[in-house]
Chemist: 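Please find one structure pasted underneath; my questions will follow.
Note that the numbering runs from 1 along the sequence shown for the chain.
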Amino acid sequence: MIRTLFLSFFILFSAGIQANACVIDIYANARQKPKVYYENGRAQGVLIDMMQYVGADIGCQFNYHFSTWARAYKSMLDGKGGVIGLSISQERQKLIDYSDIMYFDDILLVTHIDNAFTYSGIEDLAGKTLGAPRGASYGDEFERGIREKVFTVLRDNGDLALRLKRIAKGRLDIAVINPGIQPFNEFFKNNPELLGLKSQLYVVPTPFFRDPNYLGFLKENDRKEFLIKFNQSMKKARGNGIFQAIEAKYQNQ
């Protein structure tokens with residue numbers, strides 16, 4: 001069934017690319033496997049495949065630009081195009097027009113094995129220092145925690161190795177990682193010399209947040225009509241099983 005769905009998808013993509021009526025620049029984090037990433041010279045991931053399906057369906061070509069999340073987000077705020085993998089918050093909604101939800105990813109917390117804890121709510125993070133990528137936001141509860149000084153956030157440039165080493169050395173209480181456990185496991189697979197670090201870390205089983213991901217544009221870009229078409233295409237893809245097949249493809253890798 002999945003193979004049939006993907007065959008239909010690529011036939012549609014090939015036909016749709018002939019009649020592109022628009023070209024849009026899309027900015028993204030280069031290292032968010034399996035959600036979105038740049039590897040072996042090409043754009044890949046759940047969100048990329050979803051974008052390609054929609055682009056073919058509505059006759060729009062997407063040109064992808066990969067960088068750190070902070071740069072991708074700033075490019076969108078500068079009006080250069082859209083950004084994918086975007087979380088939502090009340091503050092951001094003042095500036096950004098959002099698509100419907102594209103994808104959910106789990107935001108996980110990692111701490112030192114000696115400081116293992118169970119997570120049930122934001123109060124469990126009281127007085128802690130969290131490490132997170134520059135420019136990242138994980139919903140209104142996360143923003144409230146910062147605003148009300150429940151916890152503090154030490155930002156980095158998306159460097160997971162730095163975050164995890166800081167925990168091992170006692171310079172950081174908690175590292176925020178996403179999407180899900182895959183980046184954590186992938187990191188140690190690609191950096192076997194750091195496997196000794198893994199035994200010092202504890203991944204809190206309960207996710208901090210199940211984060212809905214969106215495509216977003218600066219309001220001044222006035223992409224409302226495009227987003228209506230985009231959302232309609234996504235709804236159709238969900239209805240015929242295309243998006244479910246895309247998610248299954250990456251879960252099974």
Chemist: Of the options D49, D106, D105, which is the one that meets K35 in a salt bridge (Lys or Arg N to Asp or Glu O under 4.0 Å)?
Modeler: D105
Chemist: With H112, which residues qualify under ring pair (Phe, Tyr, Trp, His ring centres under 6.0 Å), at least two apart?
Modeler: none
Chemist: How close do Y138 and F209 get, counting heavy atoms only, and between which atoms?
Modeler: O-CD2, 3.2 Å
Chemist: Are L197 and F188 side-chain neighbours, meaning at least one heavy-atom pair lies under 4.5 Å?
Modeler: yes
Chemist: Which residues pass the salt bridge (charged side-chain N to carboxylate O under 4.0 Å, His left out) test with D100, not counting sequence neighbours?
Modeler: none
Chemist: Could you grab the distance from atom CG of L109 to atom NZ of K128, nearest 0.5 Å is fine?
Modeler: 11.5 Å
Chemist: Check ring pair (Phe, Tyr, Trp, His ring centres under 6.0 Å) between Y119 and all other residues, then give those that pass, not counting sequence neighbours.
Modeler: F208
Chemist: Grouping I, L, V, M, F, W and Y whenever their side-chain heavy atoms are under 4.5 Å apart, do Y64 and Y38 come out in a common cluster?
Modeler: yes
Chemist: Which one of V46, N29, V36 satisfies the side-chain contact (heavy atoms from CB on, under 4.5 Å) criterion with I84?
Modeler: V36
Chemist: Sequence neighbours left out, what passes side chain to side chain donor-acceptor pair (under 3.5 Å) with R92? Give chain and number order.
Modeler: Y73
Chemist: Whether R223 and D97 form a salt bridge (side-chain N of Lys/Arg under 4.0 Å from carboxylate O of Asp/Glu) is what I want to check.
Modeler: no
Chemist: Quick one: are V153 and R155 in side-chain contact, heavy atoms under 4.5 Å?
Modeler: yes
Chemist: In the structure I gave you, are the side-chain heavy atoms of M76 and Y27 within less than 4.5 Å of one another anywhere?
Modeler: no
Chemist: Between F226 and K229, is there a cation-pi geometry (under 6.0 Å to ring centre, at most 45° from the normal)?
Modeler: no
Chemist: Determine whether more than 12 heavy atoms belonging to other residues, nucleotides or ligands lie under 6.0 Å from atom NZ of K198.
Modeler: yes
Chemist: Answer whether the closest heavy-atom distance between the side chains of I96 and F217 falls below 4.5 Å.
Modeler: no
Chemist: Does the side chain of S87 come under 3.5 Å of the side chain of D211 through a donor N or O and an acceptor N or O?
Modeler: yes
Chemist: Roughly how far, to the nearest 0.5 Å, is the CG atom of N213 from the CD atom of Q32?
Modeler: 8.0 Å
Chemist: T152 and T129: side-chain donor and acceptor closer than 3.5 Å?
Modeler: yes
Chemist: When rounded to the nearest 0.5 angstrom, what is the spacing between OG1 in T111 and OH in Y202?
Modeler: 10.0 Å
Chemist: Does R31 count as lying over the ring of Y37, i.e. NZ or CZ under 6.0 Å from the six-ring centre, within 45 degrees of the axis?
Modeler: no
Chemist: Does the distance from a Lys or Arg side-chain N to an Asp or Glu carboxylate O, for E91 and K94, drop under 4.0 Å?
Modeler: yes
Chemist: CD1/I174 to CG/N115 distance, rounded to the nearest 0.5 angstrom?
Modeler: 9.0 Å
Chemist: Which residues satisfy the side chain to side chain donor-acceptor pair (under 3.5 Å) test with E148, sequence neighbours excluded?
Modeler: R144
Chemist: Heavy-atom count check: over 12 atoms from other residues, nucleotides or ligands less than 6.0 Å from R171 CZ?
Modeler: no
Chemist: So, for K33 and P183, which heavy atoms are closest and what is the spacing to 0.1 Å?
Modeler: O-CG, 3.6 Å
Chemist: With the side chain counted from C-beta on, respond yes when E143 and Q90 share a heavy-atom pair under 4.5 Å apart, and no when they do not.
Modeler: no
Chemist: Knowing that exactly one of N178, T206, I181 qualifies, which makes a side-chain contact (heavy atoms from CB on, under 4.5 Å) with L108?
Modeler: I181
Chemist: Using the side chain to side chain contact (heavy atoms under 4.5 Å, CB included) criterion, which residues pair with I101? Sequence neighbours excluded.
Modeler: F104, P212, Y214
Chemist: Should R134 and D156 count as an ion pair when the cut-off is N to O under 4.0 Å?
Modeler: no
